[in-house]
Trainee: 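Sharing a structure, written as structure tokens. Questions coming.
The sequence lines fix the lettering, A, B, ..., with proteins before strands; numbering per chain opens at 1. Not measured: the values here are computed from a predicted model.
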Number of protein chains: 2
Amino acid sequence: MEKGQTSGAKKPKEGGAVGAKVVEHVRRLIEDGSLRPGDRLPAERDLALQIQVSRPSLRSGLRTLQAMGVIEARQGSGTYIADGPPKLGDGPLRFLAALHGFTRDEMFEARRVLEVGTTGLAAERATPEHIARIADEVTSMFATLDDPQTFLVHDLQFHRAVAAGSGNAVLATLIDTVAELVFEYRRTTVERARDLRESAELHRRIYKAIRDRNPDEARRQMSDHLNMARMAQAAEEDPAAGPKETALAPRPRRKK
Amino acid sequence: MEKGQTSGAKKPKEGGAVGAKVVEHVRRLIEDGSLRPGDRLPAERDLALQIQVSRPSLRSGLRTLQAMGVIEARQGSGTYIADGPPKLGDGPLRFLAALHGFTRDEMFEARRVLEVGTTGLAAERATPEHIARIADEVTSMFATLDDPQTFLVHDLQFHRAVAAGSGNAVLATLIDTVAELVFEYRRTTVERARDLRESAELHRRIYKAIRDRNPDEARRQMSDHLNMARMAQAAEEDPAAGPKETALAPRPRRKK
DNA sequence: TTTTCAAAAAGGTCGGACCACTATAGACTT
DNA sequence: AAGTCTATAGTGGTCCGACCTTTTTGAAAA
């Protein structure tokens, strides 16, 4: 009470989240079409004035939007609405995996549920362009059998291409989120992989089923592939034997 | 260059994101077991010292974690690691829906792929406790046929309970994310609903199939239910006739 | 016309001060 | 002594203003 204040401190508008106000404002701009992917937002100093919040609070809200993958800030240039393919940041799932001890098997099972259904849809609806892209990835996989890291990239791209072939962006986004996490993890073990050729062959069969417009076969092949991949990864992790509690999150070490 | 600086300004450690440093630090604490759900983080001022960043930067990182649903800040008390059920904030998907124009049909299709597979798993593995909870929700639905809003809550709870019955937390999280968005939207139209009784009946059939350990039947019933729900919502939106481009995201109004 | 470079613009970071809410220890009442 | 109330310390929330780094851009120079 005795010390003076450098400048002014206003009254707190509502109770809590001024940052939320920013998110809400931007959401409205997007939902009513004023902002579209690729557009640039007003400068922070200007936007702060428009929304009637301070710049720190504005930045707080923008940071939230950034974490959600909605906007992208480029220093010196501006802040832009994300325009790439829909992306549900891999961060969240990764944290959830660490927090709740998601196991590798759970991740693969989730992929199986997602991708089996989606692959069936792709077999029904994929356009020739989609099918061509899927074929390209299969070819690339066969071409990189001796380079596990690159092989893995094309593996992921293959699954992305199939998901795109389903024509359902929601499913494609979900698959991408889960698959990316699995692949990121596998990147560290793939060097010990066996049977890259067999893996490529299984992908080829999925491709053929989609090309032949055979949803049931496509589903079956995708299911087989993911089961195989799950076991392969288990073997890579524990070359010895019995894979058991191998989780993405580590042992529960408690301090208290 | 000519004006004095109030206080100090350090050299920029690395290139860019100091906030990312915070996220990374917390991630490590979680992944190595030092922080577990429900734990309290050190006070911002202390944590900032530990990580060697300023408090604003620390808060920036914490805001990111908050957006990901990893932490929860309680004013006057502290910042805590989220402990509830895994939650992949609905925010992101909602924005993606607005940005990329996800349609209602796409959302329902994603749910169908996710929930049909998951329901099959639930029919195989649900414990008696899980089954009891599913039964409770069905009962509640029949008890609230005259209160659409409450009915809807139990509808959502039913699907959550089924997902929990699958024993797969990853799938449960994904379903929750998508379903919540769909329900949030439907909350605005459900007042015009017809046939709440028929909807309850369909849920009861899913429950029975799970109880009877009949995965195929459970899958079939869930698929039917979601198809029916999709059409029902279309009717609620457009009581007149032909449901067409009704999307979660609005018309593309462009300024330029 | 092309190249160069310095100013402007925009996001990133920082320190400090103050506000609002919570929880708790100590004082007061009973 | 037990219960209640209140002052206070602690913690997150907000704001300001200044400065840094990067990008962009337009004018000057070649």
Trainee: Would you indicate what A:S60 reaches in the nucleic acid, counting non-hydrogen atoms under 4.0 angstrom: base, sugar-phosphate, or nothing?
Mentor: nothing

Trainee: CG of B:L49 versus P of D:dG10: gap in Å, rounded?
Mentor: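 One finds 15 Å between P of D:dG10 and CG of B:L49, rounded.
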
Trainee: For B:V22 versus B:S57, what's the shortest heavy-atom pair and its separation?
Mentor: CG2-O, 4.1 Å

Trainee: Would you indicate, yes or no, if C:dC14 has its OP1 or OP2 atom less than 4.0 angstrom from a side-chain nitrogen or oxygen of B:S57?
Mentor: yes

Trainee: With sequence neighbours excluded, tell me which residues meet side-chain hydrogen bond (donor to acceptor under 3.5 Å, both in side chains) with A:S60.
Mentor: B:R63

Trainee: Tell me which of B:R45 and B:V53 sits closer to the 5' end of DNA chain C, going by the nucleotide each one is nearest to.
Mentor: B:V53

Trainee: Counting heavy atoms from C-beta on, name the nucleotide in C:dG15, C:dG11, D:dC16 closest to the side chain of A:E44.
Mentor: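 Nearest nucleotide to the side chain: C:dG11.
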
Trainee: Select base, sugar-phosphate, or nothing to describe what A:R74 touches, counting heavy atoms under 4.0 Å on all strands.
Mentor: sugar-phosphate

Trainee: 5'-most contact on DNA chain D: A:S77 or B:P56, nearest heavy atom basis?
Mentor: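 Whichever sits nearer the 5' end wins; that is B:P56.
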
Trainee: Measure the OG1-CG distance between B:T79 and B:D39 for me, rounded to the nearest 0.5 Å.
Mentor: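 So the gap between those two atoms works out to 12.5 Å.
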
Trainee: Please report the distance, rounded to the nearest Å, between CZ in A:R55 and C1' in C:dG11.
Mentor: 6 Å

Trainee: Please report the interatomic distance CG(A:L114) to OG1(A:T177), rounded to the nearest 0.5 Å.
Mentor: 9.5 Å

Trainee: Suppose we call a contact any N or O donor and acceptor under 3.5 Å apart; does that hold for the side chain of B:Q75 and the base of C:dA20?
Mentor: yes

Trainee: Measure from CG on B:L62 to C1' on D:dG12 and round the result to the nearest Å.
Mentor: 10 Å

Trainee: Would you kindly give the NZ-to-P distance between A:K21 and D:dC15, to the nearest whole Å?
Mentor: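 So the NZ-P distance, A:K21 to D:dC15, works out to 8 Å.
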
Trainee: Nearest whole Å is fine: how far is D:dG13 C1' from B:L58 CG?
Mentor: 13 Å

Trainee: How many Å lie between OH on A:Y80 and P on D:dT23, as a whole number?
Mentor: 11 Å

Trainee: For the side chain of B:T79, starting at C-beta, report the closest nucleotide among D:dT14, D:dT11, D:dG12.
Mentor: D:dG12

Trainee: Measure CZ/A:R59 against C1'/D:dA18 and give the value in whole Å, please.
Mentor: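 Going from CZ in A:R59 over to C1' in D:dA18 covers 14 Å.
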
Trainee: Any side-chain donor paired with an acceptor under 3.5 Å for A:T103 and A:D105?
Mentor: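 No.
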
Trainee: I need the CZ-P distance between B:R63 and D:dC15, as an integer number of Å.
Mentor: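 In whole Å, D:dC15 P lies 11 Å from B:R63 CZ.
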
